> 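Just dropping this structure here.
All of these numbers come straight from a predicted model, not from anything done at the bench.
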Amino acid sequence: MSKSRRNFLATTSLGLFGAAAALRSQAQTASNLPPGAPPAFGTGPEVGPEVTPATFAEAEKLVQVQLTDAERTMAVESWRRTMASLYERRTGPRKLALETRLAPASRWDPVLPGMHVGTTQDRFIRGHADPAPLPARDEDIAFASVAQLSQWIEHRKLTSERLTHIYLDRLERYNPKLHCVITFTRELALRQAKQADSEIVAGHYRGPLHGIPWGGKDLLDTAGIPTTYGAEPFRDRIPTEDAVVVQRLHQAGAVLVAKLSLGALALNDIWFGGQTMNPWLPEEGSGGSSAGPGAATSAGLVGFSIGSETGGSIIGPSMRCGITGLRPTYGRVPRTGAMTLCWTLDKLGPMTRHVEDAMLVLHAISGPDSGDLASVPSHLDFDAAAPIKGLRVGYFPKWLNQNPATEVDREAVEHAKKLGMTPVEVQIPDWPYGVLNLILFAEGAAAFEELTLSGGMNQLKAQVPDAWPNVFREARFLSAVDFVQADRMRRKVAMEMERLFSQVDLLLVPSLRDEILTITNFTGHPSLTLRAGFIEVKKARSDWAPDPKNPVPTFSTPRRVPHGVTLIGRLFDEGTIGRVGLALERSFGVVDERPPGF
């Protein structure tokens, strides 16, 4: 016996019925319904453009599903009454704008039910190495570690004002070569430096960042100072408040000398002022999207910098520019006042020349903030002198013999052995991890929906297939069902990482191995990238897809450039990768070599 439409609806999921009732109740025409009849899905007026079987046939190619002729015909007959109204928020008479800082109702929690992560104690013990006498040359001071600079300033062998002038002068001298600065903050910097010196003389020393000049990736809001996102449509944007990370660094007494470049809207290294270049190889870009922080830190133009990462934007430029990049656990550092690219992936972290410096900065910027719903309370247990002997360091043998791994990566495992750690061979399932990027593209397209649909994306300098303008337009055709499935896969991958970390204390991996970059960004695990040696290259490297019309430079004589490795830690266990990184940094013995010409 066939069921009537209403009987069919009455026997379907109450959840679906409730959702349908909520969606259609306003459009329902009650004149033909008996009193007390519930609203029915698909009985509202038709809205939106006309569709035909050909419309669905072509759309099927985009989402890679296939309907039969009968299914296609039914969809055509019902689409404008059932599904088209779901776009009302964006296109209908009750259009509703969503505020920039409005986060999705659902949020990613990297900590799985029942998982115990990180440490239960707060301990931060920095190294006590002799900072050595203050160098006579300004450039030697500029390349000193934050740990050294802080001791010279604390003991009044060096003033913050002098150090600030050194960095400001170097920024102005080398920026034309590197294109790493979007906005100089000279007036603010000199005012903060004078205040720092006055406080220190008066006996009010705030800690190891007091008086240290730094640069911020120009997606961190700064009150009264442009924050441009590196993108043409925002080049005149001036916030009224500081980002929380900026506030915390101000409270620590740090001195902001510049807003540093990023690839437009946090992609690669091209922004409205040009392309940011690598100090070690000025013919190639510095990598992105934390391009300016990578280049400026490497060239000794700032004491340290703050970058951000969604899918590799701290690790990439740290590798190429030969510095240390610390990507914290998702949720440790609040992103309030920072540009949103992807709510469930964005992370802010320090970029420095030495490992301990990154830990000093992390200590200052950690902790939750009510403006970032994903930020959570956490503990940081770091002791620079703690032993590492016996720690189990996992590595992937197969990866070490494939690109992008080099001899430097293979030797790093041997260094770990010599330091008393226990190398453990590990592996992960051969899953299509790249599918997770559907989440990134969908969230990014949502974050910049208005700019995309208004045509503002057309102002961006990079208009190639792998740049955001095209990606965000294409993302409109991603399937919502596949988004949910990718989100479910994300949890499955997180469970696999929990299994992996039951076998080891940390991982040592080739920094740019695509699988681990994707996995750990989506699971939220912390990473520490540090210089481990040098390699030779015969052509410039690029984050951009090959473009025959604009080939990268090649070199008749190979060029020597730095190469780093990456440590991956357990969730909220930055302390372990920090102390292992310190030991490896000493063992590698290459951290103090400077890029030629700077």
> Locate the shortest heavy-atom distance separating Pro317 from Gly294; write the atom from each residue and the value.
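Where Pro317 meets Gly294 most closely, the heavy atoms are CB-CA, 4.3 Å.
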> With a 3.5 Å cut-off and no angle check, do the side chains of Thr276 and Asp269 form a donor-acceptor pair?
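Their side chains do not contain a donor-acceptor pair, so the 3.5 Å distance test is not met.
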> Test: side chain to side chain donor-acceptor pair (under 3.5 Å). Region: residues 201-211. Which pairs qualify, not counting sequence neighbours?
Glu199-Arg206, Glu199-His210
> Taking the six-membered ring of Trp108 as reference, does the NZ or CZ atom of Arg490 fall below 6.0 Å from its centre and within a 45° cone about the axis?
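So Arg490 does make the cation-pi contact.
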> Determine which pairs satisfy side chain to side chain donor-acceptor pair (under 3.5 Å) with at least one residue from residues 289-307, sequence neighbours left out, and list them in order.
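Qualifying pairs, neighbours excluded: Lys217-Ser289, Lys217-Ser290, Trp280-Ser298, Ser289-Ser313, Thr297-Ser305.
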> Can we say Asp221 and Arg237 salt-bridge, meaning some charged N sits less than 4.0 Å from an Asp/Glu carboxylate O?
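A salt bridge links Asp221 with Arg237.
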> Heavy-atom count check: over 12 atoms from other residues, nucleotides or ligands less than 6.0 Å from Met115 CE?
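Yes - once you tally the heavy atoms of other residues, nucleotides and ligands closer than 6.0 Å, there are more than 12.
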> Going by an N to O cut-off under 4.0 Å, is there a salt bridge joining Arg327 and Glu309?
yes
> Hey, is CZ on Arg488 packed in by over 12 heavy atoms from elsewhere, all under 6.0 Å?
no
> Can a salt bridge be assigned to the pair Arg101 and Asp372 using a cut-off of 4.0 Å between side-chain N and carboxylate O?
no
> For the pair Asp573 (side chain) and Thr119 (backbone), establish whether a donor and an acceptor sit closer than 3.5 Å, ignoring hydrogens and angles.
no
> Checking Arg248 side chain against Ile365 main chain: does a donor-acceptor pair fall under 3.5 Å?
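It does hold such a pair.
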> Counting heavy atoms not belonging to Glu187, are there more than 12 under 6.0 Å from its CD?
no
> Say whether, by atom type as modelled, one donor and one acceptor occur between the side chain of Glu356 and the main chain of Gly127 under 3.5 angstrom.
yes
> Does atom CZ of Arg491 have more than 12 heavy-atom neighbours from other groups under 6.0 Å away?
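No, CZ of Arg491 has 12 or fewer neighbouring heavy atoms, counting only those of other groups under 6.0 Å.
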> Would you sort out whether Tyr330 and His525 count as a ring pair (Phe, Tyr, Trp, His ring centres under 6.0 Å), showing the intermediate values?
CA-CA 7 Å; Tyr330 177 82; His525 286 79; over 10 Å; no
> Whether Glu574 and Arg332 form a salt bridge (side-chain N of Lys/Arg under 4.0 Å from carboxylate O of Asp/Glu) is what I want to check.
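Yes, charged N to carboxylate O under 4.0 Å.
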> Search all heavy atoms of Leu517 against all heavy atoms of Asn521 and return the closest pair with its distance.
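Of all heavy-atom pairs spanning Leu517 and Asn521, the closest is O-ND2, 3.0 Å.
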> Regarding Asp381 and Arg570, does a basic nitrogen lie under 4.0 Å from an acidic carboxylate oxygen?
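No, no charged N to carboxylate O under 4.0 Å.
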> What are the two closest non-hydrogen atoms of Ala189 and Thr164, and how far apart are they?
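Scanning both residues completely, I find the closest heavy atoms to be CB-CG2, 3.9 Å.
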> Taking 4.0 angstrom as the limit, do Asp140 and Arg594 come out as a salt bridge?
yes
> Hey, does the side chain of Asn175 reach the backbone of Cys180 with a donor-acceptor pair shorter than 3.5 angstrom?
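Yes; at least one donor-acceptor contact below 3.5 Å.
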> Under the side chain to side chain donor-acceptor pair (under 3.5 Å) rule, what pairs show up with a residue in residues 358-368, not counting sequence neighbours?
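Checked against side chain to side chain donor-acceptor pair (under 3.5 Å) - neighbours excluded - no pair reaches residues 358-368.
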